[in-house]
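These notes are about the structure you will find just below.
Chain naming here is simple, since letters A, B, ... match the order of the sequence lines and numbering starts at 1 in each.
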Amino acid sequence: MKTGYKYKLAALFSAFLLLGLGVMILGQKVDAAPPSGGSVAGTVKLDGTAPHERSIDMSKEPSCAKEHASNPVKVESVVVGSNGGLQNVVVYVTQGLSGNEANSTQMQTWDQKGCQYIPHVIALNPGQHFKVVNSDQTSHNIHPQPKNNSEWNKSQPPGSQPFDVTWANPEVAINVKCNIHPWMHGYMAVVKGPYAVSDNSGDFKLEGLAPGSYTLTAWQEEYGTQTQKVTVAAGKPAAVNFTFKAK
Amino acid sequence: MRATLLKCSLVVSVTVGVFFALSGSASAQITRYQEDQRLGTESHIGNVTGHAKAAAMDYRRYCVGCHGDDGDGMGANEPWLDPKPRNFTLGQFKCRSTPTGTLPTDEDLFDTIARGLDRSNMPPWNTFTRQQRADLVAYVKHFSPKFQTEKPGTPIQIPPEPEVTADRIKTGQVLFQKLECWKCHGVEGKANGPSADTLQDDQNRPIKPYDFTDGTRPKCGSSDQDIYKIFMTGLDGTPMPSFADNVKPDEAWDLVFYLRTLQPMHSKERQIAKQLGLKPIDPNAPVPEATPAATPAPAPQQ
């Protein structure tokens, strides 16, 4: 009796469903537009007195000790510039990315020089290549200790060829050490989307963000992470500053 | 009419309720499901196929006390053991024929289980049948999601072993100095190099380099091929690195021969070293430029 009506209802219902699906799919397409010129710039500061970092004794590796004879190297877990700017802080986006950001194809370098890692902190996208270089007159073993990627441990004698590596998965941050020279420490932060590492004035700049709202995270090896929300518009950079409290 | 409406809403609310109840327990169910799926893990050793399911009893009986119910190395005996039992959930192994950072092959695990690991509490399980060991390999693999998503690395190629010669032993010694094995293992291989006391494993526990002179065997096998593999692949999870990028296959054999001269066991290499009057390396002397075997004739000194 009412079967005709039922069919009509069903037809209407599926039409709506299809329409909904269509809108969803189209919506996703719109989201996938490439990020345009928005950016974030700011400074990372340390509030309070920087901890006293002890000098590193490299006497067990005379070739490196000699390199630093006039200017002994200090432990680098908190590096503060003259204006209170905090160096080696990784700033990256933890919320608001579309998920379609292309990974950087720029080649980075992880050098071992004077029995130190140069730079001390590196940031990378998953799949971004970096070159491991030994500029020293001594062997190093490069031993990253990731939790979310595969660990490896390779020896690199002096004068040997650089080798090329990538990390597959995001991870903040991978601790890198050299077992031969136990004072050598560094970090590799693997993050999605744009990233920056603060320079010796604590300054950083994140580029290539599409206009929109984001949560930024700043990571420092001693002090951990901090987050802030920011709205990015096309054109002039949005300003965000981070302050870590000295322990 | 009213009755049907009531019935309808009842049906709807029940369905919604059931839906939420189901989705609430979904996470727990997924892990159980995954666990069941993983129990389908297999291993292939020659013509023997191992099945994880078939090893459940043997694992409970022989392995659980050290490696734990969940394979995380936290068995009841863990507090008293050093080195610690392997945490199988990480999918990281010391003894591999595959490059550093990659999964071992089924054969690698199969051989390890039979051999046991020297200088640790991991006993040899060489009384088990091949089938039992193959099943245990599958069971060890089933604990780590890595074995579901990654393939084992490509085993390193080991060329046929050449004849031992005095020149090869001398070249091996130059490599021992040039590659700085002595920084950890010591100039005489006594595990007393300048970095030896500071070494730590992945759990930040002190770890000693292998002492070539104390008569113990390497964990990962003691044949010439095993030793070749050890320094070309490294022992993942320890400070012992891979040298594959910097040692040519022929040189690797020279190094194996030299390492033999450090061991107290009677060997052809030791005999030759004695005849040569081979002295330990001097780390303060510059590394000889060209390897002796490659030098046609020594240039006259002036």
Would one find more than 12 heavy atoms of other residues, nucleotides or ligands at under 6.0 Å from atom CD of A/E53? yes
Distance in Å, B/D245 CG paired with A/S160 OG, rounded so as to fall on 0.5 Å steps: 8.0 Å
Most contact-rich option vs chain A, by heavy-atom pairs under 4.5 angstrom, among B/L103, B/L235, B/T238, is B/T238
Measure the OG-CG distance between B/S195 and A/N141 for me, rounded to the nearest 0.5 Å. 9.0 Å
Does any heavy atom of chain A fall under 4.5 Å from the side chain of B/T102, the backbone, both, or neither of them? neither
Using non-hydrogen atoms only, which part of B/N246 is less than 4.5 Å away from chain A: side chain, backbone, both, or neither? side chain
Need one label for A/K60: side chain, backbone, both or neither, based on atoms under 4.5 Å from any heavy atom in chain B. side chain
Quick one: closest heavy-atom pair of A/K177 and B/N204, and the distance? NZ-OD1, 4.0 Å
Residue that, paired with B/P241, satisfies side-chain contact (heavy atoms from CB on, under 4.5 Å) out of A/I180, A/N153, A/I142: A/N153
Counting heavy-atom pairs under 4.5 Å to chain A, which of B/K183, B/M240, B/Q200 comes out on top? B/K183
Identify which of B/G193, B/P99, B/P194, B/G234 forms the greatest number of heavy-atom pairs closer than 4.5 Å to chain A. B/P194
Closest non-hydrogen atoms of A/Q137 and B/E180, given as atom of the first, atom of the second and distance, are O-OE2, 4.5 Å
Would you give the length of the straight line joining atom OG of A/S139 to atom CZ of B/F243, rounded to the nearest 0.5 angstrom? 6.5 Å
For B/E150, which atoms come within 4.5 Å of any heavy atom of chain A: side chain, backbone, both, or neither? side chain
Do B/D202 and A/H143 make a side-chain contact, defined as non-hydrogen atoms from C-beta onward lying under 4.5 Å apart? yes
A/K147 portion near chain B, given a 4.5 angstrom heavy-atom threshold: neither
Counting only heavy atoms from other residues, nucleotides and ligands, does the tally under 6.0 Å from NZ of A/K192 exceed 12? no
Begin with the C-alpha distance, continue with both residues' side-chain angles, and end with the deciding distance and a verdict on side chain to side chain contact (heavy atoms under 4.5 Å, CB included) for B/L90 and A/E151. CA-CA 10 Å; B/L90 300 178; A/E151 173 174 338; over 6 Å; no
Side chain, backbone, both or neither of B/L199 within contact of chain A (heavy atoms, under 4.5 Å): side chain
Do other residues, nucleotides or ligands put more than 12 heavy atoms under 6.0 Å from B/K190 NZ? no
